[in-house]
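Every chain is numbered from 1, with letters handed out A, B, ... down the list of sequences. Not measured: the values here are computed from a predicted model.
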Amino acid sequence: MPELPEVETVVRDLCAARLVGRRITGVRVRWPATIADLSPEQFKRRVVGRTIRAIRRRAKFILWELDQGRVLAVHLRMTGRFEVIADNRTAGKHVHVVLLLDDGRRLWFHDTRKFGRFYLLQDPAPLLARLGPEPLANDFTARRLAEALAGRRRAIKPLLLDQSVVAGLGNIYVDETLWAARIHPLCAAHTLSPAQIRALHRAMRRVLRQGVRNGGTTLGSGQTNFHSPVGGAGRNADQLKVFRRTGRPCPRCGGTIERMQVAQRSTHLCRRCQPQEITR
DNA sequence: AAGAATGTTACATG
DNA sequence: ACATGTAACATTCT
(Lines give C-alpha, C1' and ligand atoms only; values in the text may rest on other atoms or scores of the structure.)
Protein backbone atom coordinates (compact mmCIF):
# COMPACT_ATOMS: atom_id res chain seq x y z
CA MET A 1 0.00 0.00 0.00
CA PRO A 2 2.07 2.82 1.24
CA GLU A 3 4.96 4.38 -0.59
CA LEU A 4 6.40 7.85 -0.04
CA PRO A 5 3.28 9.79 -1.13
CA GLU A 6 0.96 7.66 0.99
CA VAL A 7 3.18 7.87 4.07
CA GLU A 8 3.54 11.62 3.58
CA THR A 9 -0.26 11.86 3.35
CA VAL A 10 -0.64 9.89 6.58
CA VAL A 11 1.80 12.16 8.42
CA ARG A 12 0.09 15.31 7.18
CA ASP A 13 -3.28 13.89 8.12
CA LEU A 14 -2.12 12.97 11.63
CA CYS A 15 -0.74 16.47 12.10
CA ALA A 16 -3.95 18.03 10.78
CA ALA A 17 -5.86 15.89 13.28
CA ARG A 18 -3.95 17.79 16.01
CA LEU A 19 -2.28 14.78 17.54
CA VAL A 20 0.86 16.75 18.35
CA GLY A 21 0.71 17.81 21.98
CA ARG A 22 -1.53 14.91 23.02
CA ARG A 23 -0.44 12.54 25.75
CA ILE A 24 -0.73 8.79 25.35
CA THR A 25 -2.73 7.51 28.31
CA GLY A 26 -3.07 3.86 27.40
CA VAL A 27 -1.96 1.17 24.99
CA ARG A 28 -3.54 -2.08 23.85
CA VAL A 29 -1.57 -4.56 21.79
CA ARG A 30 -3.71 -7.26 20.21
CA TRP A 31 -1.03 -8.78 17.94
CA PRO A 32 2.30 -8.78 19.81
CA ALA A 33 4.44 -9.34 16.70
CA THR A 34 3.56 -5.84 15.54
CA ILE A 35 5.85 -4.52 18.28
CA ALA A 36 9.46 -5.11 17.27
CA ASP A 37 12.03 -6.14 19.90
CA LEU A 38 9.81 -5.52 22.95
CA SER A 39 7.10 -7.44 24.72
CA PRO A 40 3.71 -5.72 24.70
CA GLU A 41 4.21 -5.07 28.43
CA GLN A 42 7.57 -3.38 27.95
CA PHE A 43 6.14 -1.35 25.09
CA LYS A 44 3.18 -0.26 27.14
CA ARG A 45 5.32 0.68 30.12
CA ARG A 46 7.56 2.89 27.99
CA VAL A 47 4.82 4.55 25.92
CA VAL A 48 2.09 5.32 28.44
CA GLY A 49 2.47 8.84 29.80
CA ARG A 50 4.51 10.10 26.84
CA THR A 51 3.49 13.25 24.99
CA ILE A 52 3.59 13.42 21.19
CA ARG A 53 6.03 16.22 20.32
CA ALA A 54 6.16 15.87 16.54
CA ILE A 55 5.17 13.52 13.73
CA ARG A 56 7.51 13.30 10.76
CA ARG A 57 8.38 11.07 7.82
CA ARG A 58 11.68 9.55 6.73
CA ALA A 59 11.44 7.31 3.64
CA LYS A 60 8.44 5.05 4.36
CA PHE A 61 8.75 5.38 8.16
CA ILE A 62 6.37 7.45 10.27
CA LEU A 63 8.39 8.91 13.14
CA TRP A 64 6.45 9.80 16.27
CA GLU A 65 8.75 11.96 18.37
CA LEU A 66 7.78 11.56 22.00
CA ASP A 67 9.04 13.29 25.10
CA GLN A 68 11.90 11.82 27.16
CA GLY A 69 13.81 11.44 23.90
CA ARG A 70 11.90 8.44 22.67
CA VAL A 71 10.88 7.88 19.07
CA LEU A 72 8.20 5.50 17.83
CA ALA A 73 9.09 4.57 14.25
CA VAL A 74 6.26 2.86 12.41
CA HIS A 75 6.55 1.08 9.09
CA LEU A 76 3.20 0.31 7.46
CA ARG A 77 4.63 -2.32 5.08
CA MET A 78 1.80 -3.56 2.83
CA THR A 79 -1.47 -2.98 4.66
CA GLY A 80 -0.74 -0.94 7.79
CA ARG A 81 -3.13 1.93 8.38
CA PHE A 82 -3.77 4.44 11.16
CA GLU A 83 -7.25 5.67 11.96
CA VAL A 84 -8.15 8.46 14.39
CA ILE A 85 -11.25 7.51 16.35
CA ALA A 86 -13.32 10.16 18.08
CA ASP A 87 -16.48 8.15 18.85
CA ASN A 88 -17.00 4.90 20.76
CA ARG A 89 -16.93 2.35 17.96
CA THR A 90 -15.42 -1.05 18.74
CA ALA A 91 -12.28 -2.10 16.93
CA GLY A 92 -12.56 -4.64 14.11
CA LYS A 93 -10.49 -7.80 13.98
CA HIS A 94 -7.63 -6.21 12.02
CA VAL A 95 -6.93 -3.50 14.59
CA HIS A 96 -3.73 -4.75 16.22
CA VAL A 97 -2.62 -1.76 18.30
CA VAL A 98 -4.72 0.90 20.04
CA LEU A 99 -3.29 4.07 21.57
CA LEU A 100 -5.55 5.98 23.96
CA LEU A 101 -5.13 9.75 24.02
CA ASP A 102 -5.65 12.28 26.82
CA ASP A 103 -8.43 14.05 24.88
CA GLY A 104 -10.57 10.92 24.76
CA ARG A 105 -9.73 10.00 21.20
CA ARG A 106 -8.05 6.77 20.19
CA LEU A 107 -5.64 5.85 17.46
CA TRP A 108 -6.16 2.51 15.75
CA PHE A 109 -3.49 0.65 13.86
CA HIS A 110 -5.15 -1.63 11.32
CA ASP A 111 -3.02 -4.17 9.49
CA THR A 112 -4.71 -7.05 7.68
CA ARG A 113 -1.56 -8.77 6.61
CA LYS A 114 0.26 -8.05 9.89
CA PHE A 115 3.56 -7.06 8.25
CA GLY A 116 3.65 -3.57 9.78
CA ARG A 117 6.08 -2.87 12.64
CA PHE A 118 6.41 -0.47 15.58
CA TYR A 119 9.97 0.26 16.69
CA LEU A 120 10.24 2.14 19.99
CA LEU A 121 13.72 3.63 20.18
CA GLN A 122 15.91 6.04 22.10
CA ASP A 123 17.70 6.84 18.89
CA PRO A 124 16.24 6.09 15.45
CA ALA A 125 19.57 6.65 13.68
CA PRO A 126 20.57 2.96 13.43
CA LEU A 127 17.16 2.04 12.02
CA LEU A 128 17.43 4.76 9.40
CA ALA A 129 21.16 4.51 8.76
CA ARG A 130 21.02 2.57 5.54
CA LEU A 131 18.37 4.65 3.81
CA GLY A 132 19.32 6.54 0.69
CA PRO A 133 18.44 10.17 -0.06
CA GLU A 134 14.92 11.59 0.07
CA PRO A 135 13.91 12.06 -3.56
CA LEU A 136 11.82 15.17 -2.85
CA ALA A 137 14.46 16.94 -0.76
CA ASN A 138 15.73 20.23 -2.22
CA ASP A 139 19.26 18.94 -2.36
CA PHE A 140 18.33 15.78 -4.28
CA THR A 141 19.68 16.86 -7.64
CA ALA A 142 20.17 14.91 -10.85
CA ARG A 143 23.83 14.81 -9.89
CA ARG A 144 23.02 13.10 -6.59
CA LEU A 145 20.89 10.56 -8.43
CA ALA A 146 23.77 9.96 -10.81
CA GLU A 147 26.06 9.40 -7.83
CA ALA A 148 23.60 6.96 -6.29
CA LEU A 149 23.54 4.95 -9.52
CA ALA A 150 27.23 5.25 -10.34
CA GLY A 151 28.98 1.97 -10.99
CA ARG A 152 25.84 -0.07 -10.52
CA ARG A 153 25.34 -2.78 -13.07
CA ARG A 154 21.96 -3.92 -11.81
CA ALA A 155 18.73 -3.28 -13.65
CA ILE A 156 17.24 0.10 -12.90
CA LYS A 157 13.95 -1.14 -11.44
CA PRO A 158 15.40 -3.23 -8.62
CA LEU A 159 17.81 -0.38 -7.87
CA LEU A 160 14.99 2.13 -7.53
CA LEU A 161 13.13 -0.28 -5.25
CA ASP A 162 16.25 -0.58 -3.08
CA GLN A 163 15.71 1.84 -0.19
CA SER A 164 19.45 2.29 0.29
CA VAL A 165 19.77 3.80 -3.20
CA VAL A 166 16.83 6.24 -3.05
CA ALA A 167 14.33 6.13 -0.19
CA GLY A 168 10.58 6.04 -0.60
CA LEU A 169 9.74 4.57 -3.99
CA GLY A 170 7.80 1.31 -4.24
CA ASN A 171 6.28 -0.73 -7.02
CA ILE A 172 3.65 1.77 -8.16
CA TYR A 173 5.81 4.86 -8.34
CA VAL A 174 8.81 3.06 -9.84
CA ASP A 175 6.69 1.83 -12.77
CA GLU A 176 5.17 5.28 -13.21
CA THR A 177 8.59 6.96 -13.00
CA LEU A 178 10.20 4.66 -15.56
CA TRP A 179 7.31 5.17 -17.97
CA ALA A 180 7.51 8.94 -17.57
CA ALA A 181 11.28 8.83 -18.16
CA ARG A 182 10.89 6.40 -21.11
CA ILE A 183 13.31 3.93 -19.55
CA HIS A 184 12.92 0.14 -19.68
CA PRO A 185 12.84 -1.43 -16.19
CA LEU A 186 15.57 -3.93 -17.08
CA CYS A 187 17.96 -1.28 -18.36
CA ALA A 188 21.30 -1.68 -16.55
CA ALA A 189 21.93 1.46 -14.50
CA HIS A 190 25.48 2.02 -15.76
CA THR A 191 24.24 2.21 -19.35
CA LEU A 192 21.96 5.20 -18.70
CA SER A 193 23.12 8.38 -20.42
CA PRO A 194 23.37 11.66 -18.49
CA ALA A 195 20.25 12.80 -20.34
CA GLN A 196 18.40 9.66 -19.24
CA ILE A 197 19.44 10.21 -15.62
CA ARG A 198 18.18 13.79 -15.80
CA ALA A 199 14.90 12.50 -17.24
CA LEU A 200 14.69 9.89 -14.50
CA HIS A 201 15.32 12.50 -11.82
CA ARG A 202 12.69 14.86 -13.20
CA ALA A 203 10.16 12.03 -13.68
CA MET A 204 10.67 10.65 -10.17
CA ARG A 205 10.08 14.01 -8.54
CA ARG A 206 7.12 14.84 -10.74
CA VAL A 207 5.44 11.47 -10.13
CA LEU A 208 6.00 11.56 -6.35
CA ARG A 209 4.90 15.17 -5.98
CA GLN A 210 1.75 14.44 -7.93
CA GLY A 211 1.09 11.49 -5.65
CA VAL A 212 1.47 13.69 -2.57
CA ARG A 213 -0.68 16.44 -4.10
CA ASN A 214 -3.43 13.88 -4.73
CA GLY A 215 -3.29 12.47 -1.23
CA GLY A 216 -1.81 9.12 -2.30
CA THR A 217 -2.95 6.23 -4.46
CA THR A 218 -5.91 4.06 -3.42
CA LEU A 219 -6.31 1.01 -5.65
CA GLY A 220 -9.74 -0.61 -5.75
CA SER A 221 -12.13 -0.52 -2.84
CA GLY A 222 -11.10 -3.30 -0.45
CA GLN A 223 -10.31 -2.98 3.27
CA THR A 224 -6.63 -3.47 2.59
CA ASN A 225 -6.35 -0.44 0.33
CA PHE A 226 -4.78 2.81 1.36
CA HIS A 227 -6.83 5.26 3.41
CA SER A 228 -5.53 8.25 5.30
CA PRO A 229 -6.12 8.39 9.08
CA VAL A 230 -9.31 10.40 8.90
CA GLY A 231 -10.75 7.98 6.40
CA GLY A 232 -10.04 9.51 3.02
CA ALA A 233 -9.11 7.53 -0.04
CA GLY A 234 -6.26 8.91 -2.16
CA ARG A 235 -7.14 10.51 -5.48
CA ASN A 236 -4.03 9.52 -7.39
CA ALA A 237 -5.25 6.25 -8.95
CA ASP A 238 -6.80 8.15 -11.87
CA GLN A 239 -3.40 9.62 -12.68
CA LEU A 240 -1.58 6.30 -13.06
CA LYS A 241 -0.40 5.79 -16.62
CA VAL A 242 0.79 2.17 -16.57
CA PHE A 243 0.44 0.60 -13.12
CA ARG A 244 -2.21 -2.16 -13.24
CA ARG A 245 -3.27 -1.00 -16.68
CA THR A 246 -2.14 -4.10 -18.58
CA GLY A 247 -3.70 -4.36 -22.05
CA ARG A 248 -4.86 -0.79 -22.13
CA PRO A 249 -3.43 1.83 -24.48
CA CYS A 250 -0.38 3.85 -23.53
CA PRO A 251 -1.60 7.41 -22.92
CA ARG A 252 1.43 8.76 -24.75
CA CYS A 253 1.80 6.64 -27.88
CA GLY A 254 -1.26 4.40 -28.01
CA GLY A 255 0.84 1.23 -27.75
CA THR A 256 -0.37 -1.57 -25.48
CA ILE A 257 0.72 -1.64 -21.87
CA GLU A 258 2.35 -4.93 -20.95
CA ARG A 259 3.05 -6.68 -17.70
CA MET A 260 6.23 -8.59 -16.89
CA GLN A 261 8.04 -9.86 -13.79
CA VAL A 262 11.06 -7.90 -12.62
CA ALA A 263 12.70 -8.46 -9.25
CA GLN A 264 9.74 -10.70 -8.29
CA ARG A 265 7.42 -7.77 -8.69
CA SER A 266 4.76 -7.26 -11.26
CA THR A 267 6.01 -4.58 -13.66
CA HIS A 268 4.03 -2.50 -16.14
CA LEU A 269 5.43 -0.76 -19.19
CA CYS A 270 4.91 0.40 -22.74
CA ARG A 271 7.53 -1.27 -24.91
CA ARG A 272 7.12 1.31 -27.62
CA CYS A 273 7.91 4.21 -25.26
CA GLN A 274 10.39 2.26 -23.14
CA PRO A 275 12.59 0.28 -25.54
CA GLN A 276 15.06 -2.12 -23.96
CA GLU A 277 18.58 -0.99 -24.75
CA ILE A 278 20.99 -3.59 -25.96
CA THR A 279 23.29 -4.20 -23.00
CA ARG A 280 26.51 -6.09 -22.93
C1' DA B 1 -10.43 -20.81 -7.19
C1' DA B 2 -5.57 -20.26 -8.07
C1' DG B 3 -2.71 -16.36 -8.17
C1' DA B 4 -1.54 -11.80 -7.01
C1' DA B 5 -1.17 -8.04 -3.74
C1' DT B 6 1.34 -0.95 -2.42
C1' DG B 7 7.19 -4.17 1.49
C1' DT B 8 11.23 -5.91 3.57
C1' DT B 9 14.60 -9.21 5.16
C1' DA B 10 17.10 -13.51 5.85
C1' DC B 11 19.33 -16.95 3.59
C1' DA B 12 21.30 -19.45 -0.22
C1' DT B 13 23.88 -19.51 -4.42
C1' DG B 14 26.71 -17.76 -8.16
C1' DA C 1 31.96 -7.38 -2.11
C1' DC C 2 28.41 -7.79 -5.65
C1' DA C 3 24.41 -9.80 -7.82
C1' DT C 4 20.38 -12.74 -8.21
C1' DG C 5 16.83 -15.78 -6.60
C1' DT C 6 13.68 -17.91 -3.13
C1' DA C 7 11.06 -18.13 0.93
C1' DA C 8 8.91 -16.09 4.64
C1' DC C 9 5.74 -13.05 7.15
C1' DA C 10 -0.52 -13.44 6.94
C1' DT C 11 -4.69 -12.34 4.82
C1' DT C 12 -7.73 -10.62 1.36
C1' DC C 13 -9.11 -9.57 -3.24
C1' DT C 14 -9.86 -10.69 -8.06
Side-chain angles (χ1 to χ4, degrees), chain A residues 1-10 30-37 57-62 73-82 92-97 109-119 126-132 148-178 185-191 207-208 210-212 214-228 233-237 239-240 242-247 259-268 279:
Chain A
M1 191 191 290
E3 304 178 31
L4 185 155
E6 290 73 38
V7 178
E8 180 65 25
T9 299
V10 169
R30 314 206 308 178
W31 183 260
T34 300
I35 312 299
D37 309 322
R57 180 187 65 76
R58 169 70 171 113
K60 300 176 190 172
F61 285 96
I62 299 163
V74 177
H75 200 300
L76 305 174
R77 296 286 182 97
M78 296 287 266
T79 57
R81 179 157 74 86
F82 281 110
K93 67 171 177 173
H94 299 303
V95 175
H96 303 316
V97 181
F109 180 69
H110 299 257
D111 191 10
T112 7
R113 287 173 70 179
K114 300 175 175 169
F115 294 168
R117 287 294 176 271
F118 283 37
Y119 303 87
L127 182 69
L128 309 177
R130 287 166 41 208
L131 294 170
L149 299 177
R152 301 297 214 116
R153 304 182 74 85
R154 292 176 76 184
I156 190 65
K157 170 151 180 170
L159 273 179
L160 294 180
L161 287 172
D162 183 336
Q163 302 297 297
S164 69
V165 173
V166 176
L169 295 168
N171 211 27
I172 299 175
Y173 294 98
V174 166
D175 281 6
E176 293 295 312
T177 294
L178 291 172
L186 289 178
C187 196
H190 71 289
T191 67
V207 161
L208 292 172
Q210 181 192 64
V212 172
N214 289 322
T217 299
T218 298
L219 300 161
S221 53
Q223 251 270 295
T224 58
N225 293 306
F226 170 70
H227 287 86
S228 67
R235 304 174 304 280
N236 198 238
Q239 303 304 317
L240 300 181
V242 289
F243 193 80
R244 293 210 199 161
R245 297 181 59 83
T246 311
R259 187 166 78 125
M260 60 187 294
Q261 286 291 121
V262 177
Q264 289 105 271
R265 308 301 298 277
S266 163
T267 297
H268 312 76
T279 56

Footprint string (nucleotides 7-14 of chain C, 5' to 3'): B base within contact, S backbone only, - free, heavy atoms under 4.0 Å: --BBBSS-
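- Across dT4(C), dA4(B), dG7(B), the shortest atom-to-atom separation from the side chain of Asn171(A) is found for dG7(B).
- Remark: Arg152(A) is not in phosphate contact with dA1(C), judged by side-chain N or O atoms under 4.0 Å from OP1 or OP2.
- With sequence neighbours excluded, the residues forming a ring-ring contact (aromatic ring centres under 6.0 Å, His included) with Phe243(A) are His268(A), listed by chain and number.
- When each of Phe115(A), Phe61(A), Phe109(A), Phe226(A) is paired with Leu76(A), the side chain to side chain contact (heavy atoms under 4.5 Å, CB included) condition holds for Phe109(A) and for no other.
- Among the atoms of the strands shown, none is found under 4.0 Å from any heavy atom of Tyr173(A).
- When atom types are taken as modelled, the side chain of His75(A) and the backbone of Ala73(A) share no donor-acceptor pair closer than 3.5 angstrom.
- Taking atom CZ on Phe61(A) and atom P on dG7(B), their separation rounds to 13 Å, with Å as the unit.
- With contacts defined as side-chain heavy-atom distances shorter than 4.5 Å, the pair Asp175(A)/Lys157(A) qualifies.
- If you take CZ of Arg244(A) and P of dG3(B), they are 18 Å apart, rounded to a whole angstrom.
- Side chains of Arg81(A) and Thr224(A) form no contact here, defined as non-hydrogen atoms less than 4.5 Å apart.
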Identify each atom pair where a protein N or O and an N or O of nucleotides 10-12 of chain B are less than 3.5 Å apart, giving names and distance.
none

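- Taking atom NZ on Lys157(A) and atom P on dG5(C), their separation rounds to 14 Å, with Å as the unit.
- Straight-line distance from the CZ atom of Arg265(A) to the P atom of dA4(B): 13 Å, rounded to whole Å.
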Watson-Crick or G-U pairs under 3.5 Å in DNA chain B, rendered as dot-bracket with [ ] for crossing pairs and | for another strand: .||||.||||||||
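- Side chain of Gln210(A) to backbone of Val207(A): no donor-acceptor contact under 3.5 angstrom is found.
- Between Ile156(A) atom CD1 and Leu161(A) atom CG the span is 10.0 Å, to the nearest 0.5 Å.
- Taking atom CZ of Arg154(A) as the reference point, atom P of dG14(B) lies 18 Å away to the nearest angstrom.
- Judged by distance alone, with hydrogens and angles left aside, the side-chain atoms of Thr79(A) form a donor-acceptor pair with the main-chain N or O of Arg113(A) at under 3.5 Å.
- The CG-P distance, from Leu128(A) to dT8(B), rounds to 13 Å in whole Å.
- Between Met260(A) atom CE and dA4(B) atom P the separation is 15 Å, expressed in whole Å.
- Looking at residues two or more places apart in sequence or on another chain, you find no salt bridge (Lys or Arg N to Asp or Glu O under 4.0 Å) involving Lys60(A).
- For the pair Asn225(A) (side chain) and Thr218(A) (backbone), a donor-acceptor distance under 3.5 Å is absent.
- Of the possible polar contacts, one joining the Thr267(A) side chain to the Arg265(A) backbone as a donor-acceptor pair under 3.5 Å is found.
- Separation of the P atoms belonging to dA10(C) and dA10(B) is 16 Å when rounded to the nearest angstrom.
- Between Val97(A) and Asp111(A) the shortest side-chain heavy-atom distance does not fall below 4.5 Å.
- For the pairing with Pro5(A), the side chain to side chain contact (heavy atoms under 4.5 Å, CB included) check across Leu169(A), Asn236(A), Val212(A) returns one residue only, Val212(A).
- The side chain of Glu3(A) lies closest to dG7(B), out of dA3(C), dG7(B), dA4(B).
- Residue His75(A) places at least one side-chain N or O under 4.0 Å from the OP1 or OP2 atom of dT8(B).
- Across the protein-nucleic acid pair, Phe118(A) atom CZ and dG7(B) atom P stand 19 Å apart, rounded to whole Å.
- Val165(A) places a side-chain heavy atom less than 4.5 Å from the side chain of Arg152(A).
- If you check residues 159-168 of chain A against DNA chain C, you find no residue with a heavy atom closer than 4.0 Å.
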